[in-house]
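These notes are about the structure you will find just below.
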Amino acid sequence: MSYHNGSVWPHDSAIVAAGLMRYGFADHACRVAEAVLDAAAAFGGRLPELLCGFDRAEYAQPVPYPAACSPQAWASAAPLLVLRVLLGAEVCLPHRVVRVNPQLPPRFGPLRLTGVPLGEALATLTVSGDGRPEVTGLPDDVRLTDTPCPCTAVDAAPPGSP
């Protein structure tokens with residue numbers, strides 16, 4: 001195990017989860033996202049810069065990397081990106097669209113977020129136990145959808161993918 005060989009970086013893992021979700025690999029994205037949140041819980045909400053990438057079959061809890069900074073600034077943002085990934089949340093204010101398409105693992109629902117800044121408004125996002133989203137407090141000219149805004153849309157499966 002070394003700094004760049006076999007270690008797990010929470011911020012990189014969150015970016016990987018976002019990419020997987022963006023290209024339609026929801027199950028894989030959820031697996032990575034859950035692992036980041038599990039690590040955050042194991043470290044008392046203070047994600048380190050990196051941790052040892054040992055298999056969970058060998059070590060039930062994440063193993064701290066001895067020289068890692070903890071907490072660490074960019075690692076602290078990882079759970080926020082992971083939450084956005086699991087909620088399928090994208091905001092496009094120029095097109096006045098909010099997308100919410102939750103892929104929450106059952107152990108995370110139901111979920112309610114209040115006071116979410118959206119332009120000049122504060123919205124509330126609720127995801128029911130069966131995964132249905134509801135957003136209240138949206139400005140009148142902003143619509144809720146479960147599909148990506150055309151300006152951020154990508155092919156669900158790139159050419160040559162399974």
side-chain contact (heavy atoms from CB on, under 4.5 Å) between Leu50 and Val8: does it pass, once the steps are laid out?
-> CA-CA 5 Å; Leu50 70 156; Val8 173; over 6 Å; no
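- Between Leu81 and Ile15 there is a side-chain heavy-atom pair separated by less than 4.5 Å.
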Go through Ser76 and Arg46 one step at a time and tell me if the side-chain contact (heavy atoms from CB on, under 4.5 Å) criterion holds.
-> CA-CA 7 Å; Ser76 68; Arg46 296 170 54 103; over 6 Å; no
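- In this structure, the ring of Tyr65 has its center no less than 6.0 angstrom from the ring center of Trp9.
- In plain terms, the two heavy atoms of Leu20 and Ala29 that are nearest each other are CB-CB, 3.8 Å.
- Within a 6.0 Å sphere centred on CG of Asp27, heavy atoms belonging to other residues, nucleotides or ligands number 12 at most.
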Checking side-chain contact (heavy atoms from CB on, under 4.5 Å) for the pair Val100/Asp146: CA distance, chi angles, key distance, verdict?
-> CA-CA 5 Å; Val100 180; Asp146 62 355; over 6 Å; no
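- Judged by distance alone, the side chain of Arg99 and the main-chain N or O of Thr145 form no donor-acceptor pair under 3.5 Å.
- No chain of hydrophobic side-chain contacts below 4.5 Å, direct or via other Ile, Leu, Val, Met, Phe, Trp or Tyr residues, connects Leu122 to Leu93.
- A 4.5 Å side-chain heavy-atom check between Leu144 and Pro133 finds every atom pair outside the cut-off.
- There is no path of hydrophobic side-chain contacts, each under 4.5 Å, that joins Val32 to Leu83.
- The nearest pair of heavy atoms linking Val36 to Ser13 is CG2-CB, 3.6 Å.
- The number of heavy-atom neighbours closer than 6.0 Å to CG of Asp141, taken from other residues, nucleotides and ligands shown, is above 12.
- Looking at heavy atoms from C-beta onward, Val142 lies out of side-chain contact with Val97 at the 4.5 angstrom threshold.
- With respect to the salt-bridge test (charged N to carboxylate O, under 4.0 angstrom), the residues Arg107 and Asp38 qualify.
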Please test Leu87 against Leu111 for side-chain contact (heavy atoms from CB on, under 4.5 Å), starting from the C-alpha separation and ending with a verdict.
-> CA-CA 10 Å; Leu87 290 172; Leu111 177 73; 3.8 Å; yes
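- No single ILVMFWY cluster, assembled from side-chain heavy atoms under 4.5 Å apart, contains both Phe43 and Leu37.
- Every residue two or more places apart in sequence or in another chain was checked for a ring pair (Phe, Tyr, Trp, His ring centres under 6.0 Å) with Phe108, and none qualifies.
- Interatomic distance, CZ of Arg132 versus OG1 of Thr126, reported as 11.0 Å (0.5 Å rounding).
- Closest approach of Thr124 to Gly115, counting heavy atoms only: OG1-N, 4.4 Å.
- Both Leu47 and Leu86 are members of a single hydrophobic cluster when ILVMFWY side chains are connected at heavy-atom separations under 4.5 Å.
- Using a 4.5 Å heavy-atom threshold, the side chains of Cys52 and Met1 count as touching.
- Residues Asn101 and Thr147 fail the side-chain proximity criterion, which asks for heavy atoms closer than 4.5 Å.
- Between Glu90 and Pro148 there is a side-chain heavy-atom pair separated by less than 4.5 Å.
- Using a 4.5 Å heavy-atom threshold, the side chains of Val135 and Leu118 count as separate.
- Inter-residue side-chain proximity for Tyr3 and Glu49 is flagged as met; some heavy-atom pair is nearer than 4.5 Å.
- Around the CZ atom of Arg96, the shell of radius 6.0 Å holds more than 12 heavy atoms that belong to other residues, nucleotides or ligands.
- Cluster membership check: Val116 shares its hydrophobic cluster with Val82, using side-chain heavy-atom separations under 4.5 Å among Ile, Leu, Val, Met, Phe, Trp and Tyr.
- Scanning both residues, Ala39 and Leu51, for their nearest heavy atoms gives CB-CD2, 4.4 Å.
- Taking all atoms of both residues into account, the shortest heavy-atom contact from Asp55 to Ala57 is OD1-N, 2.6 Å.
- Counting all heavy atoms, side chain and backbone alike, Gly129 lies closest to Pro110 at N-CB, 3.7 Å.
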